[in-house]
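Report on the structure given below.
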Amino acid sequence: MSATKTIAVPEKPALEGLELKWQARWEADGTYRFDRTRSRADIYSIDTPPPTVSGSLHVGHVFSYTHTDVIARFQRMRGKAVFYPMGWDDNGLPTERRVQNFYGVRCDPSLPYDPAFHPPEKPAKDPISISRPNFIELCERLTKEDEKAFERLWRYLGLSVDWSMTYATIDKRAQRISQIGFLHSLERGIAYQLEAPTLWDVDFRTAVAQAELEDRERDAAYHRLRFDRPGSGAVEIETTRPELLPACVALVAHPADDRYKPLFGHYVLTPLFRAKVPVLAHELADPEKGSGIAMICTFGDITDVTWWRELSLPVRAIIQPNGTLKPITWGQQGWESEDSAAAQRSYDELAGQSVTKARARIVEMLREDGSLIGEPRPIKHNVKFFEKGDRPLEIVTSRQWFIKTMEFRSALVERGRQLKWHPEYMRTRYENWVNGLNGDWCISRQRFFGVPFPVWYRLDKDGQRDYSQPIVPDEARLPIDPSTDVPDGFTAAQRDKPCGFGGDVDVMDTWATSSLTPQISARWREDDDLFPRVFPMDLRPQAHDIIRTWLFSTVLRSHFEHDSLPWMHTAISGFVTDPDRKKMSKSKGNAVTPFALLEEHGSDGVRYWAAGGRPGADTVFDPGQMRVGRRLAIKLLNASKFVLAKPEPVGRITEVADRGMLTRLAEVVKAATESFAEYDYTPALERSESFFWFFCDDYLELIKARRYGDHGAAGAASANSALLLALDAMLRLFAPFLPFVTEEVWSWWKDGSVHRAEWPAAGELLEPIGGEDRRAAEALLEGCRVLGEVRKKKSEEKKPLRTPVVSAIIRAPRHNLDLLDLVWRDVAASGAFQAAPRMEESSTFEGVYELGEPETRA
RNA sequence: GGGCGGUUAGCUCAGCGGUAGAGCACCGGCUUUACACGCCGGCUGUCACAGGUUCGAUCCCUGUACCGCCCACCA
């Protein structure tokens, strides 16, 4: 504990300005600096979520980052050296999109770098095309500014981050570690490259991963189409995507479906295009759906991919990366038709069109042709979208990098079971996700602002790339950019020349970097002293929406790379919801600017509201709770002022009320410590808070007169000593939640920071009174009960509280009367009893109080 | 379709085998030498519904309904 210094209490304590005052002091004093000389057992390390800097922070961030900070502060006070870095997620699509809009530019990788380029003051109407290096410069420039704004907010909120340890997911270290991680995966055979049907966003023109999908309900329609059977009759199928008819390669029905059994192995002709396609059997076909027989196209959805693979079908791909239908010459290899000329005529109407336009056109043609049976039947159904995208995903065949996940699913579930989840039930989300994986993790993106794949390919004499044996750099060279760096043994002049080399043009999925945040912040393969001190880490805090992405991928990478979990605990925050239970978000227009909130309610007030959200629980945005928190902080100022106003004399704690109060506080300390240790910070706050209000409203009122010396020096000394002990402990109990006000009060009478002080222990409160005093605690409550009765009486008679009680009869069981006797002098003083009451033994509780006239004051 | 949470006072939530709790809101009072950014007091509930276990259920079990979320191969 810090030494007591000269007490200096401000005349009018206030919350205003505490945020700026104390964040500056903490920075100057290095209060939250990580001590890297400590051993692993004495360190508590946190894998802080790097917020996406290309958006603004919203109240949800304030909420969940407060949870982490509360835990960090508790661990620090328990004597741990807390490793609490901050990262910025500036890598990836959100930044690209923001840069495009902010500066009015588009990246065109075919353009050369222009060193003289400056973006216009205001974005032009039509986007300016700029080179990839110019584009990346703008990304870096804008994210730097965003990061500054974020840091300002975090400091104002009071996050006890060590600001000397920041990282960004696009910085050199993150690039290097991402590339090392990738090369290790390549060596281990975990990473592989494949040309295959891939989920594809036609607006961003990139592959995306399963984890980045979301379902959205869209209007669609069933179109019933007739496929002729050469020679005899026809088959009718239903489809929501008639524009994919030219890509149809087969029909499929369930093997047990008697309606279609006779057709299996036979051929039918597609309408308009007259392509001969087989009728096949597969168990995924659902007899209940549509007509019970479906057309397989390459590719309309993931089921098509499964059928195509399992039934060994050919490819007839028509969707181009930009989402339009590609030109086809009918009659050639792979595009056979019974009537190529007619097929060509029909298809020419569609080629070059977007999916939507092609659909409208083909429906007209099918109607004219007579192949459309009846009219389309409108339905609503769920369609897969890239979570950041605006148009439904397509499936496009392309060459991508993958990380194996499918064959490790059971090992990954097992890792999830080793991890301690807070709350426990969030583990189910993880297991659902792992068990539901339907393909390996696609980690390559056809974008610009990301970590490049550190590989090159040899070109043969025709200039064709040899993907079978990528050229990789030594680890010492990393990070590299294969589009500008040259592999060993080649010269720059050989780039993209026959018999020369070419660089991989893709960048990594942002999660391929984010999945390594523990390694990045712990400086893996760079600082061999630091890494083992903090890794595997203690805590991963995050929100539940990214269990399937960030949490999963981090567990995966650590499993392969270190054969361990990346951390022991994960604390999952809920969302902030608006009063209608909807998630608050910018896109829904209901988000609130966090800085304004902090200024209005004070950071401590906002933190108080946030700390009321238990791990995992969605929490309603509630300014009312922020006001309650602010009130609590103000109360702390004033109660502390009272305690510190006259802290003399001190001495032995002999009075029953004082001993009872300390006994009760010790219980609170024990309970708070236990729940905090289980990452359940909310009850710790609740218990502390309710004790504090009891302390102010009842205990202080009870002992006030004695404390002023009305009953002699010994009584005053007992009160003062108990008050000081209690205040000291309460400030520390509140310090993780209300860092500003507790530090302010601490500074009035102690050296050093409350945030470096030791977490309170029950013993420090009980030792001065010779151990727990249960009887005193009960007596204190008994005194409060009588005091409450007197207050009620005065309130009912609408008289001031200082109105004297001229006579009283108190009826209660013997036991209670004895207890009351122990604290009677304090009760009499605070209740303004003018005479001793008549105590009557009774099995029930009753108090009869006769009030006098309040003294008129001069 | 599978799963996970939830349903307690007007609102936000705690409690989780022994006669229902807090804060906010509301109503009524009070210049009380820490605080009017305050203090005191009051009002408010078939603890979603139906069964079961138990001496006793808001709490445990089964089912139902509704709300939120996650997952799924939604032609």
Side-chain angles (χ1 to χ4, degrees), chain A residues 9 12-15 215 217-218 220 222-223 237-241 244 251-253 282-286 289-297 300-307 379-384 423 425-438 544-545 547-548 574-575 577 579-583 602 609 612-614 616-622 624-625 627-628 630-646 682-683 686 689-690 693 696-697 700-701 704 708 787-788 790-803 830 832 854 857:
Chain A
V9 183
K12 258 281 184 204
L15 298 179
D215 286 347
E217 194 175 74
R218 282 294 177 272
Y222 277 133
H223 302 75
I237 63 106
E238 290 202 324
T239 179
T240 54
R241 299 204 59 183
L244 292 179
L251 300 189
V252 65
H282 194 279
E283 297 190 339
L284 279 182
D286 182 353
K289 212 165 280 176
S291 58
I293 185 164
M295 71 171 182
I296 304 174
C297 302
D301 60 25
I302 301 171
T303 320
D304 279 342
V305 178
T306 308
W307 280 326
I379 55 157
K380 284 194 186 296
H381 71 162
N382 285 328
V383 180
K384 297 224 177 292
Y425 62 76
M426 285 292 176
R427 178 202 316 277
T428 311
R429 302 244 179 140
Y430 173 85
E431 293 192 2
N432 278 351
W433 173 252
V434 176
N435 291 325
L437 283 170
N438 58 29
H544 54 67
D545 56 333
I547 289 173
R548 67 176 180 171
F575 287 140
T577 64
D580 299 329
R581 301 275 146 189
K582 295 281 179 282
K583 181 188 174 189
W609 159 75
R614 312 179 95 88
D618 289 351
T619 300
V620 179
F621 175 73
D622 188 356
Q625 280 303 106
R627 281 191 283 274
V628 171
R630 182 180 167 79
R631 207 165 71 97
L632 173 63
I634 292 169
K635 195 76 172 175
L636 267 168
L637 287 177
N638 287 314
S640 303
K641 179 183 162 191
F642 172 76
V643 170
L644 296 174
K646 192 179 168 297
T682 302
E686 279 170 3
E689 183 189 13
S690 91
W693 287 104
C696 290
D697 295 341
L700 284 186
E701 292 304 325
K704 213 173 239 181
Y708 282 128
L787 185 58
V790 173
R791 284 169 171 172
K792 184 170 175 174
K793 175 76 173 170
K794 292 175 178 175
S795 187
E796 279 166 357
E797 297 200 10
K798 307 192 175 183
K799 295 212 167 136
L801 286 176
R802 63 187 161 75
T803 306
S830 66
R857 298 175 68 219

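Predicted, not measured: the structure shown is a model, and the values here were computed from it. Values below: every heavy atom of this structure, side chains too, minus hydrogens, waters and symmetry copies. Quick note on labels: first sequence line is chain A, next is B, and so on, each numbered from 1.
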- If the C1' atom of B:C69 is compared with that of B:C60, how far apart are they to the nearest Å? 26 Å
By nearest-nucleotide position on RNA chain B, the 5'-leaning member of A:Phe642 and A:Glu797 is A:Glu797
Distance between the P atoms of B:A57 and B:C47, in whole angstroms? 13 Å
CH2 of A:Trp307 to CE of A:Met295, rounded to nearest 0.5 Å, is 11.0 Å
Q: Step by step, work out the side-chain contact (heavy atoms from CB on, under 4.5 Å) result for A:Thr303 and A:Leu284.
A: CA-CA 8 Å; A:Thr303 320; A:Leu284 279 182; 4.1 Å; yes
Rounded to the nearest 0.5 Å, the NZ atom of A:Lys641 sits from the NZ atom of A:Lys12 at a distance of 6.5 Å
A:Arg614 has its side chain closest, among B:A14, B:G3, B:C35, to B:A14
Query - Main-chain N/O of A:Leu801 paired with A:Lys794 side-chain donor or acceptor, under 3.5 Å - result: yes
Between A:Phe575 and A:Asp545, is the side-chain contact (heavy atoms from CB on, under 4.5 Å) condition met? List the steps. CA-CA 9 Å; A:Phe575 287 140; A:Asp545 56 333; 3.4 Å; yes
A:Leu644 atom CG is separated from B:U33 atom C1', nearest whole Å, by 17 Å
Checking all strands, does A:Cys297 fall into the base, sugar-phosphate, or nothing category for heavy-atom contacts under 4.0 angstrom? nothing
Whole-Å distance, A:Leu700 CG to B:G38 C1', equals 14 Å
| said: Would you measure the distance from the P atom in B:G6 across to the matching atom in B:C39 and give it in whole Å? | reply: 34 Å
Counting primed atoms, P, OP1 and OP2 as sugar-phosphate and everything else as base, the B/S/- map of nucleotides 70-75 of chain B against protein heavy atoms under 4.0 Å is BSSBBB
Inset, instruction - Between B:C71 and B:G18, how far apart are the P atoms? Round to whole Å, please. - result: 38 Å
**Inter-nucleotide C1' distance (B:G21, B:C43), Å rounded** = 15 Å
note: A:Tyr430, atom OH; B:G5, atom P; distance rounded to Å ~ 19 Å
Whole-Å distance, A:Tyr425 OH to B:C69 P, equals 14 Å
request  = Ignoring hydrogens and angles, answer whether the base of B:G28 and the side-chain atoms of A:Ser795 contain a donor-acceptor pair closer than 3.5 Å.
outcome  = yes
What interatomic distance, in whole Å, is found between P of B:C55 and the corresponding atom of B:C13?
37 Å
*CA sep, side-chain torsions, deciding dist, call: A:Glu796, A:Lys793, salt bridge (charged side-chain N to carboxylate O under 4.0 Å, His left out)*: CA-CA 5 Å; A:Glu796 279 166 357; A:Lys793 175 76 173 170; 5.7 Å; no
note: A:Lys793, atom NZ; B:G29, atom P; distance rounded to Å ~ 18 Å
Winner on side-chain proximity to A:Leu801, out of B:G23, B:C40, B:G42, is B:C40
Look at A:Lys792 and B:G42 and indicate whether a side-chain polar atom (N or O) is within less than 4.0 Å of OP1 or OP2. yes
Legend entry - Worked check of side-chain contact (heavy atoms from CB on, under 4.5 Å) between A:Arg427 and A:Ile547: CA-CA 9 Å; A:Arg427 178 202 316 277; A:Ile547 289 173; over 6 Å; no
Listing for RNA chain B: consecutive Watson-Crick or G-U pair runs of at least 3, distance cutoff 3.5 Å, ranges ordered by first number, gives B:1-7 with B:65-71, B:10-13 with B:21-24, B:26-30 with B:38-42, B:48-52 with B:60-64
Practice problem: Please measure how far the C1' atom in B:G3 lies from the corresponding atom in B:A9, and state the result in whole Å. | Solution: 33 Å
Is the phosphate of B:C39, meaning OP1 or OP2, less than 4.0 Å from a side-chain N or O of A:Arg631?
-> yes
Distance col, row A:Ser830:OG vs A:Arg791:CZ, nearest 0.5 angstrom, shows 7.0 Å
Here the gap from A:Leu636 atom CG to A:Arg631 atom CZ, rounded to the nearest 0.5 Å, amounts to 12.0 Å
The answer to which of A:Asp697 and A:Lys641 contacts RNA chain B further toward the 5' end, by nearest nucleotide, is A:Lys641
Provide the distance between the two C1' atoms, one in B:A36 and one in B:G45, to the nearest whole Å. 33 Å
Does A:Ala639 reach a base, just sugar-phosphate, or nothing at all? Heavy atoms under 4.0 Å. base
When rounded to the nearest 0.5 Å, the distance separating CZ of A:Arg627 from CG of A:Leu632 is 15.5 Å
* Touch check for A:Trp693, heavy atoms < 4.0 angstrom, all strands: base, sugar-phosphate only, or nothing? -> sugar-phosphate
Note to self: For the residue pair A:Lys289 and A:Tyr222, would you count it as a cation-pi contact if the rule is NZ or CZ under 6.0 angstrom from the ring centre and within 45 degrees of the ring axis?
What the structure shows: no
Separation of B:A36 atom C1' from A:Arg627 atom CZ, nearest Å, is 17 Å
Look at A:Lys794 and B:U32 and indicate whether a side-chain polar atom (N or O) is within less than 4.0 Å of OP1 or OP2.
no
Rounded to whole Å, the CD-C1' distance (A:Glu701 to B:C30) equals 13 Å
d(A:Leu437 CG, A:Arg548 CZ) to nearest 0.5 Å is 10.5 Å
Separation of B:C30 atom P from A:Glu796 atom CD, nearest Å, is 14 Å
Which of B:C37, B:G68, B:G41 is nearest the side chain of A:Asp618? It is B:G68
